[in-house]
Every structure is written in structure tokens, then in C-alpha cells.
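Worksheet: one structure, shown below.
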Protein chains: 2
Amino acid sequence: MSPVPGGGQPTIVSIARQAGVSIASVSRVLNGLGARRETVERVERAASELGYVPNAVARSLKDGRTRQLTFALPDIGNPAYVAMVRAVQGVTKTAGYRLLLHSTDAVVDDELAVLRSLGDRTSDGLIICPIRVTDDHIDALTCAAGPVVVMGSLPSGVPVDSVRADSVTGAALAVRHLHDTGCRRIGFINGPSDTVPGRNREEGYRAALTECGLAYDDALVVETGFGIEAGARAAGELLGRRPDAVFCANDQLALGAARALHARGLRIPQDVAVAGMDDSVLARSVWPPLTSVDLGSTERGRRAAELLVERLDGTAPIPRGTTATAPPRLVVRASTALPTENTRST
Amino acid sequence: MSPVPGGGQPTIVSIARQAGVSIASVSRVLNGLGARRETVERVERAASELGYVPNAVARSLKDGRTRQLTFALPDIGNPAYVAMVRAVQGVTKTAGYRLLLHSTDAVVDDELAVLRSLGDRTSDGLIICPIRVTDDHIDALTCAAGPVVVMGSLPSGVPVDSVRADSVTGAALAVRHLHDTGCRRIGFINGPSDTVPGRNREEGYRAALTECGLAYDDALVVETGFGIEAGARAAGELLGRRPDAVFCANDQLALGAARALHARGLRIPQDVAVAGMDDSVLARSVWPPLTSVDLGSTERGRRAAELLVERLDGTAPIPRGTTATAPPRLVVRASTALPTENTRST
DNA sequence: CTGAAAGCGCTAACAG
DNA sequence: CTGTTAGCGCTTTCAG
């Protein structure tokens with residue numbers, strides 16, 4: 001309540017003065033090291049009387065660690081990332097780290113800045129989801145000033161830990177499923193093709209098409225952003241080409257597409273089937289529930305956080321450049337399975 | 001690339017050595033203070049050769065500020081808070097502060113911990129959204145170790161800045177609108193009534209009912225959580241009571257309720273009208289688009305951040321306990337206006 | 001214009 | 001068991 005004469009917050013000096021002991025004793029008591037019964041009491045009393053809170057900055061300077069971790073993600077509004085945040089948070093909290101969230105909006109310079117900022121010792125480690133991977137990223141990554149885990153695919157050979165989704169396989173899973181349920185004109189709404197996820201999903205789409213004996217038709221593919229409105233607009237364009245299904249590169253796009261279909265009086269899935277990716281909360285929440293490919297957001301978040309924490313604890317000698325890949329899983333819901341086929345879950 | 005002999009990151013000492021000047025000169029050059037042309041060059045060259053990044057922790061210890069701000073919110077998955085984060089981020093970024101996001105999950109102890117953690121000097125200020133306000137909150141708030149802005153209502157007399165929504169009025173707006181469009185059995189899905197928002201929304205609901213000459217009917221009111229699934233379950237319960245409208249305390253609840261209605265083959269709004277609150281991205285994105293009450297999430301976020309930054313810059317002498325209130329605004333969409341009435345927006 | 005030195009709050013040797 | 005002291009990296013007087 002009443003801090004030191006001289007204003008400001010109480011420090012170990014104020015406590016030492018008030019308790020009539022040295023600052024070393026204060027430090028020891030506060031850190032639970034040995035001390036005489038009476039010393040302990042006096043220090044603790046003084047500390048609580050003064051409302052002492054240890055200065056984390058000073059402590060960090062001393063021992064070179066902040067007990068803070070940074071998680072840099074492209075879009076805090078995308079439920080897939082929210083799921084990751086939750087998972088990361090769970091691990092870091094348990095491990096005694098605070099989590100610093102940084103929304104980069106997928107701006108390359110912002111991502112690079114975050115990477116470089118590792119050097120300012122504000123946090124002990126970093127998890128980053130770069131949507132695009134430029135040479136600058138690789139450079140910044142290889143000479144990062146602290147441990148980094150990348151969420152996403154990296155060219156092989158880069159000595160950085162990463163946790164990746166297999167969205168090539170995932171996209172193929174969805175397209176194949178659409179084909180299985182009888183769709184033959186499968187439209188594709190993709191995010192920007194200069195992003196890693198965009199590229200991979202297109203690859204999966206094409207591969208599955210080939211596998212199913214369907215021709216790739218430019219007119220059935222729209223490249224746009226990753227947001228809901230982008231999905232609605234793209235679906236609008238696509239509908240002129242009479243697709244019997246629309247596969248979307250994520251659930252936000254799928255949500256937008258579904259709205260566009262509804263608005264035009266088309267039924268899902270009877271007139272047009274819709275599938276998304278990420279299996280985010282959106283997929284479960286809207287009507288009809290959306291078939292989606294679970295790319296393991298939660299698992300990847302957990303894994304990335306664990307990797308980072310292990311690296312920091314420095315216990316297990318993990319090889320540099322460890323890579324984990326989460327297997328995709330198709331979750332079929334009403335937006336693709338026809339009511340008469342009793343194959344859908346939840 | 002090649003740090004100091006002795007390992008670790010380069011510091012001003014390494015630079016001083018490499019450039020053959022004193023650490024004071026290094027500091028001056030790096031901070032753009034005057035120095036001889038040659039000194040400047042040598043220091044800058046050394047710094048870039050060594051890949052120097054200033055240690056923010058040391059700087060913080062020196063000048064007592066971190067240039068970091070904390071935003072503690074109850075649920076990072078709720079789009080209304082996402083909107084706030086965006087707004088807060090915009091302001092803090094411009095003002096040169098980094099933003100530390102902390103998801104409390106509305107756990108009281110977590111909130112109190114955040115409040116107390118202001119004392120550890122990890123961030124220069126705090127914006128906090130307490131869902132419940134206990135006496136402990138008030139205590140912690142009044143003797144916080146740094147500037148705090150509360151998002152939400154506080155008992156009057158607490159000398160803390162706050163930015164609040166007027167959800168009493170907002171809820172009434174929605175209920176009145178439902179009445180205007182002909183609804184007479186208006187159900188209400190509310191969040192926990194021991195929360196401030198929960199209490200206020202109920203108050204608004206009751207007030208509007210009275211005003212419209214409708215009786216309050218216990219059977220038409222369900223109290224639950226604030227999430228999507230809670231909304232779906234609650235709507236399930238409510239439907240047995242044959243409401244002609246459901247007013248939900250937020251958009252997540254409304255989304256869940258809408259799904260439950262669809263699943264039972266009920267049409268929105270022909271069979272049951274649905275209205276939510278927050279006017280979040282969800283309301284615009286689903287089908288049919290949801291009527292919702294904009295409680296000014298974005299504006300409140302911006303305002304709170306501005307207040308905090310002004311307080312920190314210490315320029316304008318803002319009176320302690322400044323309170324701003326964002327006016328609610330009804331946004332009518334297809335989930336309540338009947339197609340024949342051409343009154344809806346977007 | 002530049003260097004030496006103090007000090008931010010804390011922890012950890014090292015002596016007593 | 002306790003006190004003195006050095007030092008984490010940086011900024012900022014204060015002398016030169």
C-alpha cells in the first residue's frame with residue numbers, strides 16, 4: 001500500500017531496510033532458500049506489508065531468460081489458429097511460460113520483424129506460422145537468436161524445427177470423398193497460390209482429380225483470399241459453371257460459399273455439396289454442418305509447443321531440424337453426404 | 001553471425017571492442033545522438049557485422065518501461081473479442097507498443113493474477129475484460145501497480161478508467177424489434193446471470209417486455225454459457241415452449257440456436273425469429289444473416305487502448321476513473337425481418 | 001566529442 | 001546462517 005519513501009514500487013532494498021536484514025537474505029527467503037526462522041518471518045512480513053512484487057525484468061536481465069514465449073500467427077480471427085493458440089497455451093502454461101501472441105496478418109515484413117525480435121530477449125522462444133516462405137525467412141530462421149519452431153512446411157535442409165500439416169493428402173481426401181458421393185464437377189475455391197497452404201491444397205486437388213479420372217478444368221477453380229467474404233464472392237463466380245460440389249481450402253471459405261449457395265436458393269448438398277478444411281468450430285456450428293478435413297490444428301499446436309519447451313529445458317538432446325507431421329482426417333458431415341446415405345458422423 | 005568470443009549474443013561491449021570506442025559512444029550512436037562522423041561509421045559497421053540487436057530487457061530495467069501492453073480477455077475464440085483485439089492492436093501498434101494477449105477463460109483467479117502481475121513490470125499497462133466483478137477485483141484494481149483500463153461496467157466510485165457497452169439498452173432494442181415484427185412469445189437465451197453482461201442483458205430483456213406489454217415468462221428463459229453449443233442445447237429446451245422468437249445474449253448463442261432450429265426443420269424467421277448480440281463476423285456470415293445488436297466492440301477496443309496510451313504518455317491530464325460508454329445499435333438482417341417486409345439491411 | 005562510472009533490481013558467489 | 005559484492009546490458013550524468 002505505502003511504497004518506499006521516494007516513490008515507486010517496493011524492491012528488495014525496501015524490504016531489507018524494513019526487515020533490518022541484507023538484500024541477500026531477502027532474496028534467499030523470497031526464493032525459499034534456507035534462513036533462520038526469525039529472518040524468514042521478518043522478511044515475509046515486510047514483503048507483504050509493502051505489497052512487494054518481484055521485478056521480472058530485473059530477474060530476466062540477471063538470468064537471461066524471460067519465461068515468456070511468443071506465438072506469431074497470421075490471423076487471430078481464423079478459428080483454426082484459435083484452436084492452435086488454445087493448444088499452445090495449454091502446454092506453455094503448464095511449463096511455466098507466459099504466452100505472447102502476435103498477429104502478423106501474414107505480412108512478410110511483420111514476420112521477419114518477429115523473427116529478428118527474438119534477439120531482443122523479450123521472449124525465450126518462438127512459434128511462428130509463416131504463410132509464405134521467402135529466402136529472407138530462411139535466412140532469418142537459420143540465424144535466429146533463439147529457439148524457433150515453425151508451423152508449416154519448410155524446404156528440407158533448413159535446420160529449424162517444424163510441425164506441419166499434410167494438406168496435400170488432406171485436400172485429396174476431400175476431393176475423393178466428393179467423387180465417391182457422386183460429384184463429377186468439383187469446383188475449388190483456393191487461397192492465394194503464392195502461399196504454402198495454397199500451393200499444397202491445389203496439388204492435392206489436382207492429384208485427386210487425376211486419380212478419380214476427372215479432368216482439371218480451369219473454369220472450376222477460383223483463387224482468392226482465405227476469408228469468409230472471399231469465399232462468398234468466389235462461390236458466386238463459380239456457380240455460373242454449374243459445379244455439383246465446391247471444395248474450399250478452409251472452413252472460412254466454405255462458410256462463405258455455403259452462404260452464397262443459400263442466398264441463391266441452392267440446397268446443400270442436394271444441389272451442390274460443400275467441403276472445407278481445418279475442421280474448425282465453424283464446420284460443426286453452421287447448418288448444414290460442413291464436411292471438413294481435420295489438419296490437426298490442435299495437435300500441431302500442442303506438438304510445436306512441446307518441441308519448443310523441450311528445446312528450452314535443454315533436457316532431451318533433440319536433433320536440430322526435427323519435423324513432425326500431423327496426419328489429416330476427413331470428417332464427413334451433412335454438407336456432402338446425402339441424407340439417404342447414412343454415412344455421416346456427428 | 002560470429003558473436004563474441006565467449007559465446008552469447010553481441011552486446012554494446014562487443015561492439016565497443018570491435019569498433020575501438022567506449023560503450024558510451026556505442027550507446028550514443030545507436031540512439032542517434034551526436035558523434036563524430038568516423039565514430040558513427042565504425043560503430044554502425046561493427047554493429048551490423050556482429051548482427052547486434054539491443055537487449056530490450058536491459059533497456060527496460062534501465063528506464064522502467066517495457067513498451068509492452070497487456071490485453072486480458074475472457075475468450076479468444078469469441079469473435080466479439082477478436083474484433084476488440086484488432087482494434088486494440090491498431091492503436092497500440094501505432095503508439096509503439098507491443099501487445100501481449102492473455103486469455104483468462106473468465107477464470108476469476110486468472111484475472112486477479114493478471115492484475116497483480118502488473119507489478120512485475122512485464123508490461124506498462126493493462127486492458128482487462130472481467131466477466132464477473134468481485135470485491136477482490138475492486139481491491140486489485142484500486143491498488144494496481146500500473147495503469148489499467150477495464151472493459152466493462154464497474155461499480156461507480158472505483159477510481160479506474162473503464163469503457164463499457166450499454167447492453168441493457170442494447171438488449172431492449174432487440175426485444176422491441178422482435179415485438180415490432182410481430183413476435184409475442186420471445187424466448188431468451190442468456191449467459192450466466194452471475195456475470196455482468198448476463199445481468200445487464202436480462203435487465204434489458206425484462207424492461208423491453210414490460211414496455212411492450214408482454215409478461216415475463218420463466219419458461220421462455222434459459223440461462224447457460226456463452227458458447228455455440230450452449231446456444232444449441234438451450235434452443236432445444238426452449239422449443240418445447242413454442243416461442244415465435246429467440247433473443248440470444250450473443251452471436252455465438254444465436255448461431256447455436258439457429259443450428260438447432262434448422263436441425264428441427266424450423267424456418268428462420270418464418271417459424272422462429274432469431275436475434276443475437278455483438279454484431280460479430282458470425283452474424284454476417286451465416287445463413288440467414290443474423291439480426292444482432294452492435295455493442296461497439298471495435299469502438300470500445302479502440303477507445304480503451306487510446307485511454308491507456310494517453311495515460312501512459314502522461315500528456316493530457318485525464319481524470320482518474322474516466323468512463324466511456326459505446327451506444328448500442330440494432331442491425332436488422334434476415335433472421336428477423338420477414339422477406340415481405342423490405343426493412344432489412346445487408 | 002568521448003570515456004569512465006554509476007545504477008536500474010535481482011541473484012549468486014564468496015567470506016565471515 | 002548472513003552480509004558484501006560483482007555483474008546481467010544498457011543509458012546517462014559527469015569529467016575530461
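- Heavy-atom neighbours of Asp135(A) CG from other residues, nucleotides or ligands within 6.0 Å: at or below the threshold of 12.
- The distance between atom CG of Leu30(B) and atom C1' of dC10(D), rounded to the nearest whole Å, is 11 Å.
- Residues from residues 54-68 of chain A placing a heavy atom under 4.0 Å of any atom in DNA chain C, listed by number, are Pro54(A), Asn55(A), Ala58(A), Arg59(A), Lys62(A).
- Between Glu299(A) and Arg303(A), none of the side-chain N atoms (NZ, or NE/NH1/NH2) sits under 4.0 Å from a carboxylate O, so this pair counts as no salt bridge.
- Taken over five-pair windows at either terminus, the axes of the helix from dC1(C)-dG16(D) to dG16(C)-dC1(D) are inclined to one another by 50° (rounded to 10 degrees).
- Ionic pairing of Asp109(B) and Arg116(B) is not present here: no N-O contact between side-chain nitrogen and carboxylate oxygen is shorter than 4.0 angstrom.
- The line from OG1 of Thr92(A) to CD1 of Ile127(A) is 7.5 Å long, rounded to the nearest 0.5 Å.
- Once you apply a 4.0 Å limit to the heavy atoms of chain A, the touched nucleotides of DNA chain C run 5' to 3' over dG9(C) to dA13(C).
- For the residue pair Thr323(A) / Ser162(A), a side-chain donor-acceptor distance below 3.5 Å is found, with atom types taken as modelled.
- Note that the CE atom of Met151(A) and the OG atom of Ser297(A) stand 8.0 Å from one another [nearest 0.5 Å].
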Quick test: give all pairs of protein nitrogen or oxygen and nucleotides 1-3 of chain D nitrogen or oxygen below 3.5 Å, distance rounded to 0.1 Å.
| unit_1 | atom_1 | unit_2 | atom_2 | d |
| --- | --- | --- | --- | --- |
| dT2(D) | OP1 | Arg36(A) | NE | 3.3 |
| dT2(D) | OP1 | Thr39(A) | OG1 | 2.2 |
| dT2(D) | OP2 | Arg36(A) | N | 2.8 |
| dG3(D) | OP2 | Ser22(A) | N | 3.0 |
| dG3(D) | OP2 | Ser22(A) | OG | 3.1 |
| dG3(D) | OP2 | Ser25(A) | OG | 2.7 |
| dG3(D) | N7 | Arg28(A) | NH2 | 3.0 |
| dG3(D) | O6 | Arg28(A) | NH2 | 2.3 |

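- Inter-residue side-chain proximity for Val149(A) and Leu126(A) is flagged as unmet; no heavy-atom pair is nearer than 4.5 Å.
- Pairs engaging residues 151-165 of chain A under the salt bridge (Lys or Arg N to Asp or Glu O under 4.0 Å) rule: Asp161(A)-Arg311(A) [sequence neighbours left out].
- Salt bridge Arg45(B)/Glu41(B): absent, no basic N to carboxylate O contact under 4.0 Å.
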Let me have the donor-acceptor pairs involving side chains of residues 76-87 of chain A, under 3.5 Å, with sequence neighbours excluded, atom names and distances please.
| unit_1 | atom_1 | unit_2 | atom_2 | d |
| --- | --- | --- | --- | --- |
| Asn78(A) | OD1 | Ala80(A) | N | 2.9 |
| Arg86(A) | NH2 | Asp75(B) | OD1 | 2.6 |

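- Taken from CG in Leu99(A) to OG in Ser123(A), the straight-line distance is 9.5 Å, to the nearest 0.5 Å.
- Side-chain contact check for Thr134(B) and Asp136(B): no donor-acceptor pair (N or O, by modelled atom type) lies under 3.5 Å.
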